[in-house]
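Quantities reported herein were computed from a predicted structural model and do not represent experimental measurements. What you see below is based on every heavy atom in this structure, not just the backbone, and it leaves out hydrogens, waters and symmetry mates.
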Amino acid sequence: MNAYEIARAEATRVVEAAYRKAVAAGELPEGTIPPVAVETPKDSSNGDWASTFAMQCAKPLHMAPRKIAESIVTNLDLEGSCFDTVTIAGPGFMNFTLNQGWYEQAVRGVFAMGENYGRTESKKPEKVMVEFVSANPTGPMHMGNARGGVLGDCLSSVLDWSGNDVTREFYINDAGNQVDKFAHSVEGRYIQEIKGEDAIEFDASWYQGDDIKALAHDLVEQYGDSLLEKTPEERFAIIEGYGLPTNIARMERDLKRYKINYDVWFRESTLHESGYVKETIDMLTAKGATYETEDGALWLRSTDFGCDKDDVLRRANGFYTYFAADIAYHRNKFEKRGFDRVINIWGADHHGHVKRLQCALDALGLDGSHRLEIVLMQLVRMMQGGEVVRMSKRTGKSLTLTDLLDEIPVDAARFFFNSRAAETQMEFDLDLAIKQDSDNPLYYVQYAHARICSVLKNAQESGIALPDTGKTDLSVLTGADERQLIKQVALLPEEIVQSAVSRDPSRLNKYAVALAQQFHHFYNACRIKDAEPAVRDARLTLCLAAKQTIENVLKLIGVDAPESM
């Protein structure tokens, strides 16, 4: 149930009906009118909803907007609607005041859906894939992966709750140059561990991390020096066959710790092994979208599709580029697996790749410019004590996702990384994330939930049975603080829909803080346990509705709702 959408639809309906009635009475001329615009004003002192319809109609009807508004209001029929009154302000604003029935239905709507409160049905549901993190399995995940993981996971949740069929996917880059470099790096450290550091010069272009040394050490423990007796090809195959699965399993474990569970782990190597990359590039060639240079390299005519330069698809040595594999991968998403829409969470440094990939899909006839969306994510700075933190205190190396989760709770990491829109650079305050007071927005929201649990527990310990939410008389909830809390509770489904539409799940954090704030206002202004029984039960029912709403929004962010703090 989306109480806000119901109110919006009813305001639209009664205004349209009033206009038609005014036309029939000869009070307004008939004309080509725009759709009725209604919205919730920032200041609700004049009304809960406002319409600018009269101003919109001034030009097509050749009348003063105030005159139009007066005629509309005169002909309004609010019977059966969720509004009490409609007044006119300024040049022709029409302000709608919600009636008591709307407030009561908004509360009952929470209990009707329970743990699913906030879910809505889409008028045009889509089969959507969200691909995020997709870090190379050659090393640990960094802070960009940490932020992208939460943004992708939360975006998937709001798309799902908005009525879409959503798949979370991780693309494993287990083919190409980075895999060769990874295996050679581990091989080099393996030889050094057995024969000493002077036995082989460690190439500066190889991966230098301690994780590479750890994999080499594991291989020594498993195989001793027996790998030295293998041919280079055999040794390479063993090292790759051990190192990549080990790192992938570590990624999966770390992401589960981070409360991220993927539906699909898709391997790039399968595209090459099946011939799908070659087939895709052959399709582009057949469409006249490629050309071959004298050295035998194959290029995509990217400039024909609005890009600033052409892109190589197959190198002169016959190997396909990462871009070629990426085109094939996205063709697989749309053509083979039938996704209506694909959303990728990428770092902002990939901005130049967006149009290239969309154009390549356009060349294949897959409408990539409209069906493939890229959410570009800006960098994050980790701050502690007012200074930028780049290194882990434990390892002295670049701060990784694992290091972060060893420093702060998972809930804090998820909440803070989801607190800003993807396109906004953010500072992650490690000190604030672990602070146990209202300065910490996560603590503030969780404390509101714990406070509600305490209210309910104290009532029961005092011999007061919790009310039957389906039978409670809610007509007594007429106070300003009560109504403001109900309106905030009622806003959750709308916030989820708008988070999905804008591709900005950080709206959930802002909503959660506003909801907690409104509950604290209500708690401080309204007696609950000691109120007259009918009022007490209604307020306890409202507490239960707020409790469920906080639980649901925190669940979408991937954060727990504690019962005590």
Side-chain angles (χ1 to χ4, degrees), residues 1-107 109 120 123 474-475 477-498 501-502 507 511 514 518:
M1 173 186 169
N2 187 338
Y4 273 72
E5 180 58 35
I6 290 172
R8 182 186 294 110
E10 290 201 359
T12 300
R13 177 181 61 80
V14 296
V15 169
E16 288 177 343
Y19 169 72
R20 289 193 297 270
K21 186 177 178 182
V23 169
E27 297 176 19
L28 290 177
E30 188 165 7
T32 304
I33 59 171
V36 177
V38 290
E39 59 185 18
T40 53
K42 291 182 180 180
D43 180 7
S44 60
S45 58
N46 292 323
D48 302 301
W49 285 83
S51 176
T52 57
F53 179 71
M55 279 88 86
Q56 292 174 283
C57 289
K59 187 173 182 179
L61 299 185
H62 304 290
M63 287 183 69
R66 179 88 187 188
K67 290 289 185 182
I68 297 173
E70 289 171 352
S71 180
I72 294 290
V73 170
T74 299
N75 286 280
L76 278 174
D77 181 5
L78 298 180
E79 184 69 29
S81 77
C82 60
F83 298 106
D84 258 343
T85 60
V86 181
T87 58
I88 302 170
F93 290 100
M94 292 182 287
N95 295 314
F96 293 72
T97 301
L98 291 163
N99 62 26
Q100 182 62 24
W102 182 88
Y103 289 97
E104 294 178 27
Q105 286 304 114
V107 175
T120 55
K123 294 177 182 178
L474 301 178
S475 65
L477 297 177
T478 59
D481 291 291
E482 294 163 330
R483 285 191 163 186
Q484 286 300 318
L485 178 55
I486 294 172
K487 286 170 73 173
Q488 196 63 40
V489 164
L491 189 56
L492 178 60
E494 180 72 4
E495 280 298 320
I496 294 172
V497 169
Q498 293 306 317
V501 170
S502 64
R507 293 179 63 120
Y511 169 78
Q518 205 60 61

Please tell me if the side chains of Tyr19 and Ile72 come closer than 4.5 Å, counting only heavy atoms from C-beta onward. yes
Which heavy atom in Ala69 sits nearest to a heavy atom in Gly92, and how many Å separate them? CB-O, 3.7 Å
At their closest point, which heavy atom of Ser71 faces which heavy atom of Leu28, and how far apart are they? OG-CG, 3.5 Å
Answer yes or no: are there more than 12 heavy-atom neighbours, outside Phe93 itself, under 6.0 Å from its atom CZ? no
I need the minimum non-hydrogen distance between Pro493 and Thr120, along with the two atoms involved. CB-CG2, 4.0 Å
Can you name the side chain to side chain donor-acceptor pair (under 3.5 Å) partners of Lys21, sequence neighbours left out? none
With a 4.5 Å heavy-atom cut-off, do Gln484 and Gln488 have their side chains touching? no
So do His62 and Pro29 actually touch side chain to side chain, heavy atoms under 4.5 Å? no
Are any non-hydrogen side-chain atoms of Trp102 and Asp48 less than 4.5 angstrom apart? no
Measure the spacing between CG of Leu491 and CG of Asn2 and express it to the nearest 0.5 Å. 8.5 Å
Got a donor-acceptor contact below 3.5 angstrom from the Glu10 side chain to the Leu78 backbone? no
Taking Tyr103 for the side chain and Lys487 for the main chain, is one N or O donor matched with an acceptor at less than 3.5 Å? no
What distance separates Leu61 CG from Lys67 NZ, expressed to the nearest 0.5 Å? 14.5 Å
Residues in salt bridge (charged side-chain N to carboxylate O under 4.0 Å, His left out) with Glu5, at least two apart? Arg8
Might you point out which heavy atoms bring Leu477 and Gln100 nearest each other, and give the distance in Å? O-NE2, 3.4 Å
Of all the heavy-atom pairs spanning Ala11 and Phe83, show the shortest one and how long it is. N-CE1, 3.6 Å
Mind checking the CD-CD1 spacing from Glu494 to Ile6? Nearest 0.5 Å is all I need. 11.5 Å
Spacing of Leu98 atom CG and Thr85 atom OG1 [to the nearest 0.5 Å]: 9.5 Å
Listed pairs under 3.5 Å, donor-acceptor, residues 32-41 side chains, sequence neighbours left out:
none

How many angstroms lie between CD1 in Ile88 and OG1 in Thr74, if you round to the nearest 0.5 Å? 7.0 Å
Arg66 side-chain N/O to Gly90 backbone N/O, donor-acceptor pair under 3.5 Å: yes
I'd like to check Trp49 versus Asn95 (side-chain heavy atoms, cut-off strictly below 4.5 Å). Are they in contact? no
Nearest 0.5 angstrom please: Arg483 CZ to Gln518 CD, how far? 14.0 Å
Please tell me if the side chains of Glu104 and Ser475 come closer than 4.5 Å, counting only heavy atoms from C-beta onward. yes
Please report the shortest heavy-atom distance between Phe53 and Val15, naming the atom on each side. CD2-CG1, 3.6 Å
